[in-house]
Amino acid sequence: MKLRRAFYARPCLEVATALIGKYLVHRIGRRQLCGRIVETEAYIGQEDQACHARFGATKRARVLFGPPGHAYVFLIYGMYDCFNVVCEAEGRPAAVLVRAVEPGPGVEGKTDGPGKLCRAMHLSRAHNQLDLTTGHVWIEDRGEPAPRIAATPRIGVDYAGEWADKPWRLVDATSTRLSRKLSAAPG
DNA sequence: GACCGGATTATG
DNA sequence: ATAATCCGGTCA
């Protein structure tokens, strides 16, 4: 079933973890594109120097300060879109970036990266601020058991000082479709 | 109004 | 290792 507002109105890391194994769905007319989420990243608050809310509620980051359960989609490097879901209480800026999904029926192209999955699922900045509890893009729970989760540092945020080291990237540890392979476990 | 650099990807 | 490519944020 479709995730409701209460799901998103929780601590960002909790949401980022719970989203692994859920299904991202984009309905275009009678057509439906979906993918199983296998990789996410949490961006948490103005203190987090990797989070777009670090400069406060600017025009771009304003949606992060709004109510949970809305989409935040931004353009990166002039050519790729990144899809996030706003979480935590209104007024507390935080979001979960969806970094990889396992493609479902109807999805063409690779989905093992934030830019790639947006391209394959036809998600773009046109969906920014969309309410995921009422719109034509949503996330649903299909009642599957929770996957085994692994946590790693976030990707591409080396500029964020101590915040770059936080293990806020969550993945389905058994998935073969991550944006990067997990390092071998020590021992 | 100019300048800087990025939550990426494809290619060499 | 590096190019592609554009917008947001900063500082003037």
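A quick note: this is a predicted structure, and the numbers were derived from the prediction, not measured. Quick note on labels: first sequence line is chain A, next is B, and so on, each numbered from 1.
- Under the 3.5 Å distance criterion, with hydrogens and angles disregarded, a donor-acceptor pair is assigned to the side chains of A:His52 and A:Tyr72.
- At the heavy-atom level, A:Leu97 lies under 4.0 Å from base atoms of the strands shown.
- Nucleotide B:dG5 holds its P atom 18 Å from the CG atom of A:Leu75, rounded to whole Å.
- Rounded to a whole Å, the CZ atom of A:Phe55 is 11 Å from the P atom of B:dG6.
- Among the heavy atoms of the strands, none lies under 4.0 Å from A:Arg154.
- Across all strands, A:Thr58 comes closer than 4.0 Å only to sugar-phosphate atoms, never to a base (heavy-atom distances).
- Closest heavy-atom contact between A:Ala71 and A:Val63: O-CG2, 3.8 Å.
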Take A:Arg154 and A:Asp48 through the test salt bridge (Lys or Arg N to Asp or Glu O under 4.0 Å) and record every step on the way to the result.
CA-CA 12 Å; A:Arg154 294 174 292 182; A:Asp48 178 1; 2.8 Å; yes
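- Residue A:Lys116 has a polar side-chain atom (N or O) positioned under 4.0 Å from OP1 or OP2 of B:dA10.
- For the P atom pair drawn from B:dA2 and C:dT5, the interatomic distance equals 22 Å after rounding to whole Å.
- Of the possible polar contacts, none joining the A:Lys166 side chain to the A:Glu162 backbone as a donor-acceptor pair under 3.5 Å is found.
- Taking atom CD1 of residue A:Ile76 and atom C1' of nucleotide B:dC4, one finds them 13 Å apart after rounding to whole Å.
- Nearest nucleotide to the A:Arg99 side chain, out of B:dT8, C:dT10, B:dA10: B:dT8.
- By the 5.5 Å and 30° criteria, A:Tyr43 is stacked with the base of B:dA7.
- Within 4.0 Å (heavy atoms only), A:Tyr80 reaches at least one base atom of the nucleic acid.
- Regarding contacts with the backbone of C:dC7, every side-chain N or O of A:Arg60 stays at 4.0 angstrom or more from both OP1 and OP2.
- Atoms NZ (A:Lys59) and P (C:dC6) sit 18 Å apart, rounded to a whole Å.
- Looking at heavy-atom distances under 4.0 Å, A:Arg119 makes contact with sugar-phosphate atoms alone, never a base.
- In DNA chain C, runs of at least 3 consecutive Watson-Crick or G-U pairs, each pair with both distances below 3.5 Å, span B:1-6 with C:6-11, B:8-11 with C:1-4.
- A:Met79 places its CE atom 8 Å from the C1' atom of B:dT9, with the value rounded to the nearest Å.
- Here the P atom of nucleotide B:dG6 and the CD1 atom of A:Ile155 are 15 Å apart, to the nearest Å.
- The nucleotide whose nearest atom lies closest to any side-chain atom of A:Tyr77 is, among B:dG6, C:dC6, C:dT10, B:dG6.
- Between C:dG8 and A:His52, no contact under 4.0 Å exists linking OP1 or OP2 to a side-chain N or O.
- Rounding to whole angstrom units, CZ of residue A:Phe74 and C1' of C:dC7 are separated by 12 Å.
- A salt bridge links A:Arg36 with A:Glu144: the distance from a Lys NZ or Arg NE/NH1/NH2 to an Asp or Glu carboxylate oxygen falls below 4.0 Å.
- Atom pair A:Asp81:CG and B:dG6:P shows a separation of 19 Å (rounding to whole Å applied).
- No donor-acceptor contact under 3.5 angstrom links the side chains of A:Thr133 and A:Arg4, judged on distance only.
- Residues A:Ser179 and A:Arg99 have side chains that bring a donor and an acceptor to within less than 3.5 angstrom of each other.
- For A:Glu39 and A:Ser175, the side-chain atoms include no donor-acceptor pair closer than 3.5 Å.
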